[in-house]
Visitor: 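Submitted below is the structure of interest, expressed as structure tokens.
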Amino acid sequence: MIDVRRSGDRYRGGETAAGIESCHAFSFGPHYDPDNLRFGAVLACNEERLAPGAGFDEHPHSHTEIVTWVVEGELTHRDSTGHASLVRPGDVQHLSAAGGVRHVERNDGATPLVFVQMWLAPLAPGGDPAYEVVRGIADSTPYAVPGAGALLHVRRPAAGERLAVPAAPFVYVHVVRGEVALGEERLGPGDSARITGEAGLEGVASDAAELLIWEMTDASQGP
């Protein structure tokens with residue numbers, strides 16, 4: 001089954017006066033929807049747009065695997081374990097909140113910042129926080145989040161290129177840019193697909209595209 005969710009149907013949030021615009025693919029904060037709480041391990045898929053100088057002041061997280069993909073600009077990160085970094089397009093950032101961590105996310109650059117942030121439920125709560133940034137991840141190179149039983153595939157197909165969708169109990173696809181056909185469905189920027197029970201599914205890019213594909217192998221997590 002392929003359950004397509006359109007960009008225009010996401011919950012709108014943020015604080016325009018503070019230079020923050022947010023789009024939430026799942027129930028989030030004041031946008032509570034009991035029928036849209038998670039898919040597999042994925043709890044949130046948020047697109048954030050921060051104007052120069054805008055950002056999220058220090059705030060806490062716990063029992064969450066947080067993976068961030070920068071689309072445009074540079075993301076400044078600082079956390080309570082002493083990590084500080086700039087995250088740029090092509091980098092995968094992973095913060096394992098574990099038993100608890102606090103962090104700051106800001107756009108300290110001169111141009112707008114756009115990033116996609118995904119939250120995953122851990123297989124087990126607690127533990128010590130961990131942080132890493134993988135610089136310039138290559139196309140088709142999977143990034144493992146073992147704490148959530150998940151793999152992230154970053155795909156950048158050229159126009160007309162075909163790509164295989166992982167055969168897993170749960171697959172979540174988010175289109176960052178471009179257009180892609182999945183079976184009979186066509187997805188554009190900001191669209192997503194929640195896929196179950198689709199062995200041998202392929203995608204075809206209509207033009208140069210960028211996709212974030214989560215492969216989740218633990219069927220016990222449930223939709």
Side-chain angles (χ1 to χ4, degrees), residues 13-14 19-26 28 40-123 127-156 172-177 190 192 210-216:
I20 302 172
E21 298 180 20
S22 304
C23 294
H24 307 292
F26 291 84
F28 197 89
V42 180
L43 302 171
C45 181
N46 303 333
E47 182 184 271
E48 306 288 358
R49 296 176 177 268
L50 303 183
F56 300 102
D57 293 333
E58 188 175 81
H59 56 282
H61 290 282
S62 61
H63 314 303
T64 312
E65 303 290 330
I66 302 170
V67 177
T68 303
W69 179 258
V70 173
V71 181
E72 301 173 9
E74 291 184 343
L75 171 65
T76 296
H77 165 95
R78 296 189 299 276
D79 66 45
S80 55
T81 64
H83 296 104
S85 60
L86 282 177
V87 187
R88 302 178 177 90
D91 300 341
V92 172
Q93 181 200 52
H94 177 202
L95 173 63
S96 180
V101 69
R102 301 180 67 85
H103 74 155
V104 174
E105 298 164 295
R106 297 196 56 80
N107 179 9
D108 290 331
T111 60
L113 165 65
V114 181
F115 63 92
V116 178
Q117 187 169 92
M118 298 152 287
W119 298 8
L120 285 78
L123 296 175
D128 296 324
Y131 179 80
E132 74 170 343
V133 178
V134 177
R135 302 291 184 188
I137 193 166
D139 181 48
S140 299
T141 301
Y143 177 79
V145 183
L151 286 173
L152 174 64
H153 303 265
V154 178
R155 294 304 320 272
R156 305 181 188 91
Y172 184 80
V173 178
H174 176 84
V175 179
V176 177
R177 53 170 60 91
S192 61
E210 186 172 85
L211 295 84
L212 304 174
I213 302 176
W214 282 105
E215 174 185 354
M216 294 165 280

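Heavy-atom basis, side chains included; hydrogens, waters and symmetry copies ignored.
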Visitor: Tell me if a side-chain donor or acceptor on Asn107 pairs with a main-chain N or O of Ala51 at a distance below 3.5 Å.
Guide: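 Checked: pair present.
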Visitor: Find out whether Val154 and Leu212 are in side-chain contact, i.e. whether some heavy atom of one side chain is under 4.5 Å from a heavy atom of the other.
Guide: yes
Visitor: Does anything in residues 82-92 pair up under salt bridge (Lys or Arg N to Asp or Glu O under 4.0 Å), and if so which pairs, sequence neighbours excluded?
Guide: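 Listed by first then second residue: Glu74-Arg88, Asp91-Arg135.
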Visitor: For His59 and Phe56, take the angle between the two ring planes, folded into 0 to 90°, and tell me which bin it lands in: parallel under 30, tilted 30 to 60, perpendicular over 60.
Guide: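 If you compare the ring of His59 with that of Phe56, the planes turn out perpendicular.
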Visitor: Of all the heavy-atom pairs spanning Ala54 and Gly19, show the shortest one and how long it is.
Guide: CB-O, 3.6 Å
Visitor: Excluding sequence neighbours, so at least two apart, what forms salt bridge (charged side-chain N to carboxylate O under 4.0 Å, His left out) with Arg155?
Guide: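 Per chain and number, Arg155 pairs via salt bridge (charged side-chain N to carboxylate O under 4.0 Å, His left out) with Asp139, Glu161.
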Visitor: List for me each residue that meets side-chain contact (heavy atoms from CB on, under 4.5 Å) alongside Ser80, sequence neighbours excluded, and say none if there are none.
Guide: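 Scan of Ser80 (side-chain contact (heavy atoms from CB on, under 4.5 Å), adjacent residues dropped) gives Val101, Arg102.
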Visitor: So, do Trp119 and Val42 sit near enough that their side-chain heavy atoms are less than 4.5 Å apart?
Guide: no
Visitor: Can you list everything that forms a side chain to side chain donor-acceptor pair (under 3.5 Å) with Thr68? Sequence neighbours excluded, please.
Guide: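 Checked Thr68 against side chain to side chain donor-acceptor pair (under 3.5 Å); matches are Gln93, Gln117.
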Visitor: For Glu72, enumerate each residue passing the side chain to side chain donor-acceptor pair (under 3.5 Å) test, keeping only those at least two apart in sequence or located in another chain.
Guide: none
Visitor: What pair of heavy atoms forms the shortest contact from Pro129 to Ala98, and how long is it?
Guide: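 Closest heavy-atom pair between Pro129 and Ala98: N-CB, 3.6 Å.
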Visitor: Looking only at heavy atoms, which two atoms of Met118 and Cys45 are closest? And how far apart?
Guide: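 Scanning both residues, the minimum pair turns out to be CG-SG, 3.9 Å.
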Visitor: If you define the side chain from C-beta out and look only at heavy atoms, does anything of Thr76 sit under 4.5 Å from Leu86?
Guide: yes
Visitor: Applying ring pair (Phe, Tyr, Trp, His ring centres under 6.0 Å), can you list everything that pairs with His83, at least two apart in sequence or on another chain?
Guide: Tyr131
Visitor: Only counting residues at least two apart or in another chain, list the ones meeting side chain to side chain donor-acceptor pair (under 3.5 Å) with Trp214.
Guide: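 Not a single residue meets the side chain to side chain donor-acceptor pair (under 3.5 Å) criterion with Trp214.
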Visitor: Under a 4.5 Å cut-off applied to non-hydrogen side-chain atoms, are Glu58 and Glu105 in contact?
Guide: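 SC-SC contact between Glu58 and Glu105 ruled out.
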Visitor: Looking at every heavy atom in both Gly55 and Leu50, which two are closest together, and how far apart are they?
Guide: CA-CD1, 3.9 Å
Visitor: Would you mind writing out the side-chain donor-acceptor pairs for residues 143-153 within the sub-3.5 Å range, not counting sequence neighbours?
Guide:
residue	atom	partner	partner atom	Å
Tyr143	OH	His94	ND1	2.9
Tyr143	OH	Glu132	OE2	2.4
His153	NE2	Glu215	OE1	2.8

Visitor: Just jot down the side chain to side chain donor-acceptor pair (under 3.5 Å) partners of Arg78, sequence neighbours excluded, or say none.
Guide: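 Partners of Arg78 under the side chain to side chain donor-acceptor pair (under 3.5 Å) test: none.
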Visitor: Can you list every salt bridge (Lys or Arg N to Asp or Glu O under 4.0 Å) pair that touches residues 108-119, not counting sequence neighbours?
Guide: Arg106-Asp108
Visitor: Take Phe115 and Val71 through the test side chain to side chain contact (heavy atoms under 4.5 Å, CB included) and record every step on the way to the result.
Guide: CA-CA 5 Å; Phe115 63 92; Val71 181; 5.6 Å; no
Visitor: Please give me the minimum heavy-atom distance between Thr111 and Gly73, naming the atom from each residue.
Guide: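 Smallest interatomic distance, heavy atoms only, reads OG1-CA, 4.4 Å.
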Visitor: Just jot down the ring pair (Phe, Tyr, Trp, His ring centres under 6.0 Å) partners of Phe26, sequence neighbours excluded, or say none.
Guide: Tyr172
